[in-house]
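Let me begin by presenting the structure, written as structure tokens, before commenting on it.
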Amino acid sequence: MIVFDNVTITFGNGNKGIKDVSFAIGAGEFVIVEGHSGAGKTSLMRAVIKDLAISHGKIVVDGDDLNKIASKNVPLLRRKVSVVFQDFKLLMDRTIAENIDLSLDIIGLEGEIIEKRCSELLELTGLKDKADYFPIQLSGGELQRVAIARALAPQPKVLFADEPTGNLDARTGLSIIKLLQDINEQGTTVIMATHDLELVEGLKLRRLRFEDGVLVHDSSSRHHPHHHKDDKTDDHKKESKIDVEEKEPKHEEDKS
Amino acid sequence: MKKISLSLKHIRRSPYQSLAAIFMSTITFFIVSIFALVVLGAHSMLGYFESRPQVTAFFKDTAPTIEIESLKTSITQRVIVEDIKFISKEDALEIYKKQNTDNPLLLEMVTADILPASLEVSAKNVNDLEVIASIMQNSSAVEEVVYQKDVIDTLRKWVGGVRITGMVLSGLLIIASLTTIIVILGIKFTSRKTEIKTLSLLGATSWYIRGPFVIEGIIYAILGAVFGWGFAYLTLLYLTPNIVNFLQDIILLPVPIWVMFSMLGGEILLATIIGALASLIATRRFGR
């Protein structure tokens with residue numbers, strides 16, 4: 001689904017966002033991108049939705065080489081890869097339902113379908129009774145759920161959650177992770193970036209660890225770009241699930 | 001439809017900025033309409049004079065009838081002459097009476113003796129007036145020759161001048177309107193930068209984001225065109241009695257309704273181009 005091949009991002013001031021990063025994420029995987037602040041997690045997310053240009057290497061998303069994608073097709077890419085932003089990016093002058101409707105309107109859905117889909121998303125994220133609230137009236141955890149609901153609106157193939165537990169207490173954070181897992185169960189590839197290593201410590205999921213823009217550890221070494229020439233196949237999805245299961249004892253060992 | 005309602009919402013949310021844009025467009029289209037009407041009127045007036053190429057020779061009081069008859073015969077034989085009409089002193093008095101029926105004092109003071117007899121010659125072409133005038137001038141019976149070539153030339157110069165002035169002034173005002181709409185939409189676009197960035201990150205297309213701004217610019221310009229045209233029309237209707245009185249025989253007014261609506265149609269088209277161009281320029285940074 002997503003392939004990074006020796007990707008480097010260099011900012012205008014010469015600093016590097018990520019350095020020579022290579023990995024592949026298969027369809028239906030749940031991957032945690034972990035690292036401290038400034039490790040390159042957000043740069044990675046921005047590069048995937050072509051909000052940040054890469055200076056070297058190649059990124060392929062769902063078969064499309066982002067270096068070759070025309071600017072008029074970038075909106076289509078962003079509907080395929082939805083992002084839950086660290087700062088939510090909700091429109092404060094619109095209600096929760098209107099924020100979700102916006103995402104559905106963007107993809108060109110009509111009134112009744114928007115209403116139905118919005119209702120489903122509110123149900124999924126447990127916000128049914130908050131539809132007419134404004135963002136300022138909600139708690140951090142609820143805002144995170146709104147951001148997830150909005151990101152899910154275009155039925156993306158990939159959901160990239162950037163620090164979705166960043167400002168939340170452990171219990172709320174875990175409920176968000178549970179929600180993301182439910183979404184993943186339904187077939188959406190989920191990538192979750194976090195600096196909260198403790199919160200995700202016990203989870204049996206594939207991890208990509210970043211330090212100063214460098215990918216220092218991939219808990220699934222088999223996920224190398226060269227092994228995923230046809231990463232859209234169901235076989236790959238199966239392989240991805242096996243990886244998680246295989247990783248489980250390893251993780252337990254790490255803990256001990 | 002959604003985009004139009006979103007544009008109207010933007011207009012309602014910043015009424016003063018919207019009013020400034022509409023006001024500037026209204027002034028522009030008012031001036032454009034006024035100059036268009038003046039140029040149209042001047043053209044009609046020019047056509048009136050050109051379709052009536054006429055030379056008038058006024059005879060001396062002492063002019064013998066034989067010389068007058070000789071001049072008439074000599075001019076009638078010319079192929080360039082369309083029509084010839086002799087106006088005796090008595091005929092002149094009748095015309096004078098008709099023109100001054102409202103003023104009995106003037107009628108009492110004038111008799112046929114003090115009015116000159118004249119010969120009115122219509123040419124087939126306005127350019128032949130000079131030839132006819134020179135033949136008449138050479139007759140010893142003629143006191144003075146008046147012909148409209150000078151009037152037409154002067155009128156042509158005036159029409160040319162008005163047209164150039166109108167075009168320059170309208171052009172400058174169109175640029176001013178364009179700039180005003182660009183600045184106002186630019187401010188609105190910049191003030192919604194965060195929202196626009198969010199829309200873009202959510203997968204909105206360029207047209208989804210810029211569309212409401214483009215429609216907003218077109219609405220400003222079209223409202224300005226309708227108001228400007230309306231005010232110009234009201235001004236014209238208000239001034240019609242005075243203009244009719246001034247022009248007397250030249251029938252220019254009332255301006256046919258289809259002319260006015262054609263003008264409105266043209267102005268709405270121009271407004272659409274101005275509004276669309278201005279908003280596309282204002283939002284061009286996003287398009288890059």
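The chains referred to below are lettered A, B, ... by the order of the sequence lines, with proteins before strands, and numbering in each begins at 1. Every value quoted in this text rests on a predicted model; they were computed, and no experiment measured them. All heavy atoms count here, side chains included; hydrogens, waters and symmetry mates do not.
Relative ring orientation between B:F30 and B:F231 is described as perpendicular, the plane-to-plane angle rising above 60° on a 0-90° scale split at 30° and 60°.
Of residues 37-59 of chain A, those residues lying under 4.5 Å from chain B by any heavy-atom pair are A:I49, A:D51. Residues from residues 124-134 of chain A never place a non-hydrogen atom less than 4.5 Å from a non-hydrogen atom of chain B.
Interface residue A:D105: backbone and side-chain heavy atoms are both found under 4.5 Å from chain B. Contacts of A:L102 with chain B are made by both backbone and side-chain atoms, with heavy-atom separations under 4.5 Å.
For B:L234, the CG atom counts as densely surrounded, since its 6.0 Å shell holds more than 12 non-hydrogen atoms of other residues, nucleotides or ligands. When the shell of 6.0 Å around CD of A:Q137 is examined, it contains more than 12 heavy atoms from other residues, nucleotides or ligands. Around atom CE of A:M92, more than 12 heavy atoms belonging to other residues, nucleotides or ligands sit under 6.0 Å away.
The main-chain N or O of B:S200 is found under 3.5 Å from a side-chain atom of A:R78 such that the two form a donor-acceptor pair. Of the possible polar contacts, none joining the A:D64 side chain to the A:L66 backbone as a donor-acceptor pair under 3.5 Å is found.
Shown are A:V3, A:V61, A:V31; of these, the side chain to side chain contact (heavy atoms under 4.5 Å, CB included) with A:I25 is made only by A:V31.
Taking the six-membered ring wherever Trp is involved, the centroid distance between the rings of B:F227 and B:F29 does not fall below 6.0 Å.
Among all heavy-atom pairs drawn from B:W229 and B:M260, the shortest one is NE1-O, 2.9 Å.
B:L178 contributes atom CG, which lies 5.5 Å from atom CD1 of B:I281 (distance to the nearest 0.5 angstrom).
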